[in-house]
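Values below: every heavy atom of this structure, side chains too, minus hydrogens, waters and symmetry copies. Here the structure is a predicted model, which means the values were calculated and not measured.
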Amino acid sequence: MTSIRPLLPLLLAAGILLAGNGLQGTLIALRGQEEGFSTGLIGVIGAAYFAGFFLGCMTITQMLRAVGHIRCFAALAALAASGTLTLVLFVDPILWIVVRFIIGFCFAGLFTVMESWINSSVGNDARGRATAVYRVIDLVGTTLSQFMIPLFGTQGFTIFGVMAIMITLSLVPVSLGDRSNPKPPVELKLDLKSVWLISPLACIGSAVAGLANSAFRLVGPLYAQSIGMSVGEIATFISLGVIGGVVLQYPLGALSDRWDRRKTLLLTSAAAMVAALALAMATDSGSLIHFALILIFSAFAMPIYSLAAAHGNDNAGEGGYVKVAAALMFFYAIGAVIGPLASSALLTQFGNSALFFYLVGVYALFICVTLYRMRVRAAPPRTERGRFTALLRTSPFFAKLAHKPGKADRPK
């Protein structure tokens with residue numbers, strides 16, 4: 001633990017931001033509906049966040065190189081806190097779309113600053129511990145933040161003020177805890193064609209993860225509310241969706257290390273599809289049934305991004321992790337923009353169960369694509385594959401942080 005002690009201020013800031021980010025998605029959906037916004041409009045607001053998030057991931061290194069980590073972090077945190085307060089001061093759908101785009105840009109930049117900073121500060125001997133702590137912080141922060149909604153309520157100014165305070169407080173450990181201000185990272189080059197040729201299935205799998213995960217996180221609260229769940233039950237529903245995502249991450253990853261990763265993706269996608277179908281058929285069931293099913297669903301649905309990335313990294317070659325991560329984040333973002341738009345439109349048109357029937361369709365198409373790719377390309381030899389790494393979709397630099405240099409980094 002001593003080797004990562006200097007990183008504790010950054011990890012504390014990460015926890016505050018991850019909690020605030022996890023809280024906003026659920027709150028915006030519920031508050032938007034209370035303000036009279038249509039389900040389709042709330043989907044557009046959700047899509048705007050991911051559009052801004054992707055732009056931030058791809059452009060923030062230029063800002064880092066211009067002003068450094070601390071100033072960049074301070075500017076983005078101030079802008080995100082101001083945007084959060086703007087949402088409650090001016091309840092206008094067009095303004096909310098613009099502000100959520102800006103907040104998405106800011107959070108992408110904040111995560112990129114932290115992860116590139118941690119990556120430059122941690123040695124290879126402590127890299128595994130640092131990423132493990134980071135993942136735990138993500139899980140705990142995102143899960144616990146959901147229960148701030150029933151604690152403070154969705155109405156009025158209070159909960160938006162609390163979120164603004166959280167974002168502002170993240171400045172304290174960053175500003176006072178570390179004066180190193182490391183060298184800015186190399187500017188990211190988005191090479192979609194190269195990564196597509198490395199692994200079309202990894203690109204499609206990342207898009208599928210975006211289509212599904214963003215729909216659940218942003219439209220899922222509306223579904224839960226529409227079937228009569230209380231605010232506390234909605235928080236539990238979304239939290240179990242987060243917790244379930246880590247239950248099978250490593251068992252499925254270990255299986256993919258021993259097996260053709262595409263077979264693991266098939267198994268995982270099929271199980272997620274069956275769970276989504278069960279949820280679609282359980283609209284009139286009680287909350288406990290929904291809690292159990294969403295836990296099973298997320299246990300299989302959430303690891304798909306990491307499994308797809310691991311499949312892409314098997315052929316990435318030396319120094320290819322960040323290049324692959326940047327491209328896969330692009331495909332994830334495309335899916336994440338479309339997911340809330342499509343699922344909210346279907347929910348409006350066809351009713352409550354449409355959200356999970358949409359997810360059934362997404363996974364069914366991915367299963368077909370995976371079967372096709374298995375026919376046209378053989379799996380890389382097991383001796384040439386890297387080890388599975390569970391990835392967060394916070395910035396491309398997390399892929400660099402999470403991988404230790406070794407056999408998997410040698411050219412193939």
Side-chain angles (χ1 to χ4, degrees), residues 127-128 131-132 135 195-213 243-278 295-318 320-321 324-325 327-328 331-332 335 359-360 362-393 398-399 402-412:
R127 197 173 295 275
T131 54
R135 290 190 196 102
V195 176
W196 178 269
L197 293 174
I198 288 172
S199 178
L201 186 63
C203 298
I204 296 169
S206 299
V208 164
L211 286 165
N213 296 354
I243 294 169
V246 301
V247 171
L248 294 180
Q249 241 335 327
Y250 288 99
L252 288 170
L255 179 63
S256 75
D257 285 341
R258 298 181 179 88
W259 211 16
D260 183 344
R261 293 201 203 277
R262 296 170 300 180
K263 291 182 180 178
T264 310
L265 278 167
L266 271 179
L267 172 67
T268 306
S269 302
M273 182 180 70
V274 171
L277 182 60
L295 189 68
I296 296 169
F297 167 77
S298 60
F300 289 100
M302 299 304 168
I304 287 176
Y305 180 84
S306 294
L307 290 168
H311 178 63
N313 285 330
D314 286 340
N315 295 306
E318 186 177 14
Y321 289 135
V324 170
L328 295 188
F331 288 104
Y332 178 87
L359 294 173
V360 169
V362 169
Y363 293 122
L365 287 173
F366 185 53
I367 288 170
C368 293
V369 171
T370 304
L371 289 169
Y372 170 74
R373 292 302 306 170
M374 290 175 70
R375 290 186 60 187
V376 300
R377 179 186 285 183
R382 183 175 171 183
T383 54
E384 295 183 11
R385 299 202 310 242
R387 291 181 62 84
F388 171 84
T389 301
L391 296 177
L392 301 180
R393 294 164 297 279
F398 186 80
H403 285 94
K404 290 184 181 180
K407 181 175 70 174
D409 291 320
R410 294 197 296 267
K412 296 179 175 68

Checklist outcome for this item: When rounded to the nearest 0.5 Å, the distance separating CD1 of Ile304 from OH of Tyr332 is 11.5 Å
Next on the checklist: Quick check: closest heavy atoms across Ala308 and Ala202, and the distance to 0.1 Å?
Outcome noted: O-CB, 3.2 Å
Checklist entry - In Å and rounded to the nearest 0.5 Å, what is the OG to CZ distance from Ser256 to Arg262? => result 12.5 Å
Checklist entry - For the atom pair NE2 (His311) and OG (Ser306), what is the distance rounded to the nearest 0.5 Å? => result 14.5 Å
Distance-only check: which donor-acceptor pairs under 3.5 Å involve side-chain atoms of residues 263-274, not counting sequence neighbours?
from	atom 1	to	atom 2	distance (Å)
Thr268	OG1	Thr264	O	2.7
Ser269	OG	Leu265	O	2.8

Can you give me every donor-acceptor pair (side chain of residues 296-303, partner residue at least two apart or in another chain, under 3.5 Å) with its distance?
from	atom 1	to	atom 2	distance (Å)
Ser298	OG	Leu240	O	3.4
Ser298	OG	Gly241	O	3.3
Ser298	OG	Ile294	O	3.0
Ser298	OG	Leu295	O	3.2

Checklist entry - Is the side chain of Arg258 donor-acceptor paired with the backbone N or O of Ala254 at a distance under 3.5 Å, no angle test? => result yes
Checklist entry - Got a second to check how far Leu252's CG is from Asp257's CG, nearest 0.5 Å? => result 11.0 Å
Checklist entry - Quick one: OG on Ser206 to OH on Tyr305, what's the gap to the nearest 0.5 Å? => result 5.0 Å
Next on the checklist: Please find the pair of heavy atoms, one from Gly312 and one from Ile198, that lie closest to each other, and give the distance.
Outcome noted: O-CG2, 3.5 Å
Checklist entry - Taking only residues two or more places apart in sequence or in another chain, which ones pass side chain to side chain contact (heavy atoms under 4.5 Å, CB included) with Val208? => result Ile204, Val362, Tyr363, Phe366
Checklist entry - Measuring from Leu201:CG to Trp196:CH2, what's the distance to the nearest 0.5 Å? => result 9.0 Å
